[in-house]
Amino acid sequence: MSTDFKRYWRIAQRVLLQVVAALFLTSIAWVLIYRWVSPPATFLMLDRRAHAPVGKGYYGIQETDRRIRYRFRSLDEVAPHVPLALIAAEDQRFLIHHGFDGNALWEAAKYNLSGGKKLRGGSTISQQVAKNVFLWQGRSYIRKAAEAYFTVLIELFWNKRRIMEMYLSVAEMGDCTFGVEAAAERYFHKSADRLTPPEAALLAGVLPNPLRFRASNPGPVARAKQQRVLRNMRRLGGTAYVRELVEE
C-alpha cells in the first residue's frame, strides 16, 4: 500500500468520522429543540402541500387548494378523550413500554407470516412520532433504522406527555389535515377541546389510513373501527387511565 494511499485513507476516515459526529450532534439538538418547540412543518406536510396523494379509494382529496391545516395543541388544549382514544386505537401499552412493543411486533410477524391479506405493523405511538416528525414516508431498511434511532432519542429526551402531544398534533388525519385540532375543525366544526368520546374514537379509528376511511360521513368500516376504539377506551378505564400522562 503506497504512502499516498495511506494518507488519503486516513483523511477519508477523519472526514467520515466528522460527518457522523456532526449528524449525531445535529439529531440530538433537533430532538432537544422539539422537546419545547412545536414543529413548524414535517416532511409529509411539505410533500402533501406540493402533490396531491394518488391512490385507489382515497377520499376528500383537495385537487386545487393544497393549503395545510395544522395547529399544534398541548394535552391541556384537547379533550381528555383524545389521548385515551389514540392509545386505545394504536398502542395500548404506550404508558409502559420504552418505545418498542415486543408483543405487538411478535403478533404482527406471526400474522404476516401466516399469509394475512394485508401486512400488519407493530409500530408504537413513539415509533410513529419518530417517523411523522423527523423522517420521510416510505418503506426501506434505511428509513426503519432511522425510525428506530429517533424512537430511542425521543424516549430518552422527552416524556410520554410530549410524545403524545406530538402525535395528536402532527398525525395525518385527512388530505392536507394534520392533528386533532385541524381534524376537529374540518370534520366536526368545533375545537379539539370539545370533542366527545365517539368523535375522538372516530378520529382515532381512521388513523391507520385517513385517506381511505373518512371521519366525515363515515362508512360502515369506519363506524366499526369507532366502536372497537370505544370498547377499548372503556376497557382501559376511561380518562382516569391517562391521568398520569396528563399530569406529567
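The residues of the chain are indexed from 1 along the displayed sequence.
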Quick one: do the Thr151 and Gln127 side chains pair a donor with an acceptor below 3.5 Å?
no
Is the shortest side-chain heavy-atom distance between Asn232 and Arg235 below 4.5 Å?
yes
Checking the side chain of Asp91 only, and the main-chain atoms of Ile125 only, is there a donor and an acceptor separated by less than 3.5 Å?
yes
Tyr58 and Leu211, any side-chain heavy atoms less than 4.5 Å apart:
yes
Show your working on side-chain contact (heavy atoms from CB on, under 4.5 Å) between His97 and Lys160 and close with a plain yes or no.
CA-CA 10 Å; His97 67 61; Lys160 291 292 187 179; 3.7 Å; yes
Can you find a pair of side-chain heavy atoms, one from Pro39 and one from Met166, that are under 4.5 Å apart?
yes
Check: Leu195 and Leu203 side chains under 4.5 Å, non-hydrogen atoms
yes
Taking the basic N atoms (NZ, or NE/NH1/NH2) and the acidic carboxylate oxygens, is any pair closer than 4.0 Å for Asp193 and Arg73?
no
Closest non-hydrogen atoms of Ile87 and Val242, given as atom of the first, atom of the second and distance, are CD1-CG1, 3.8 Å
For Ala192 and Val82, work out which heavy atoms get closest and say how close.
O-CG2, 4.3 Å
Please check this pair: side chain of Glu199 against backbone of Thr196, looking for a donor-acceptor N/O pair closer than 3.5 Å.
yes
Got a salt bridge between Glu181 and Arg69, using NZ or NE/NH1/NH2 to carboxylate O under 4.0 Å?
no
If hydrophobic clusters are built by linking Ile, Leu, Val, Met, Phe, Trp and Tyr wherever their side-chain heavy atoms come under 4.5 Å apart, do Val133 and Trp136 end up in the same one?
yes
Passes side-chain contact (heavy atoms from CB on, under 4.5 Å), Leu86 versus Phe94? Steps please.
CA-CA 10 Å; Leu86 294 174; Phe94 173 68; over 6 Å; no
Contact summary for Asp175 and Gly60, nearest pair of heavy atoms
CB-O, 3.6 Å
Going by an N to O cut-off under 4.0 Å, is there a salt bridge joining Asp47 and Arg66?
no
Say whether Leu153 and Trp36 are linked into one hydrophobic cluster, either directly or through other cluster members, by side-chain heavy-atom distances under 4.5 angstrom.
no
Heavy-atom pair with the smallest gap, counting every atom of Gly205 and Val229:
CA-CG2, 4.1 Å
Mind listing the closest non-hydrogen atom pair of Gly238 and Leu84 along with its distance?
C-CD2, 3.3 Å
If I take atom CD1 from residue Ile154 and atom OH from residue Tyr167, how far apart are they, to the nearest 0.5 angstrom?
12.0 Å
Hydrophobic cluster membership, with links at side-chain heavy-atom distances under 4.5 Å among I/L/V/M/F/W/Y: are Met173 and Ile61 in one?
no
When you look at Ser123 and Gln128, which way does the side chain to side chain donor-acceptor pair (under 3.5 Å) test go after all the steps?
CA-CA 7 Å; Ser123 295; Gln128 293 180 56; 5.7 Å; no
Working to the nearest 0.5 Å, report the span between OH of Tyr59 and CG of Asn217.
5.5 Å
Judged by atom type as modelled, is there a donor-acceptor pair below 3.5 Å linking the side chain of Glu147 to the main-chain atoms of Lys131?
no
Measuring from atom CZ of Arg162 to atom CG of Asn159, what distance do you get when rounded to the nearest 0.5 angstrom?
9.0 Å
Looking at NE2 of His98 and OG1 of Thr124, how far apart are the two atoms once the value is rounded to the nearest 0.5 Å?
12.0 Å
State, yes or no, whether a side-chain contact exists between Pro83 and Leu75 at a heavy-atom distance under 4.5 Å.
yes
Please test Gln226 against Arg223 for side chain to side chain donor-acceptor pair (under 3.5 Å), starting from the C-alpha separation and ending with a verdict.
CA-CA 5 Å; Gln226 178 192 36; Arg223 285 298 187 191; 3.0 Å; yes
Test salt bridge (charged side-chain N to carboxylate O under 4.0 Å, His left out), reference Glu185, set Arg71, Lys190, Arg194, output is Arg71
Check the pair Met164 / Val78 against side-chain contact (heavy atoms from CB on, under 4.5 Å), numbers first and verdict last.
CA-CA 11 Å; Met164 177 55 69; Val78 302; over 6 Å; no
Is Pro208 close to Glu90 at the side-chain level, that is, under 4.5 Å between some pair of heavy atoms?
yes
Roughly how far apart are Phe213 CZ and Lys225 NZ, rounded to 0.5 Å?
4.5 Å
Test log, rule side-chain contact (heavy atoms from CB on, under 4.5 Å), inputs Ser169 and Val180:
CA-CA 6 Å; Ser169 291; Val180 295; over 6 Å; no
Paired with Phe134, the ring-ring contact (aromatic ring centres under 6.0 Å, His included) test is passed by just one of Tyr149, Phe150, Phe43, namely Phe150
Are Cys176 and Arg49 close enough that some pair of their side-chain heavy atoms sits under 4.5 Å apart?
no
Can you name the nearest heavy-atom pair linking Val129 to Trp158, along with the distance?
CG1-CZ3, 3.9 Å
Using the rule that Ile, Leu, Val, Met, Phe, Trp and Tyr join whenever any side-chain heavy atoms are under 4.5 Å apart, tell me whether Val37 and Leu32 fall into a single cluster.
yes
Report yes or no: do Ile28 and Ile33 belong to one cluster of Ile/Leu/Val/Met/Phe/Trp/Tyr joined by side chain heavy-atom distances under 4.5 Å?
yes
Heavy atoms of other groups near Leu23 CG, more than 12 under 6.0 Å:
yes
Under 4.0 Å between a Lys/Arg side-chain N and an Asp/Glu carboxylate O for Glu172 and Arg48?
yes
For the residue pair Ile163 and Glu155, establish whether any side-chain heavy-atom pair is separated by less than 4.5 Å.
yes
Separation between CD (Gln92) and CG (Asp101), nearest 0.5 Å, reads 10.0 Å
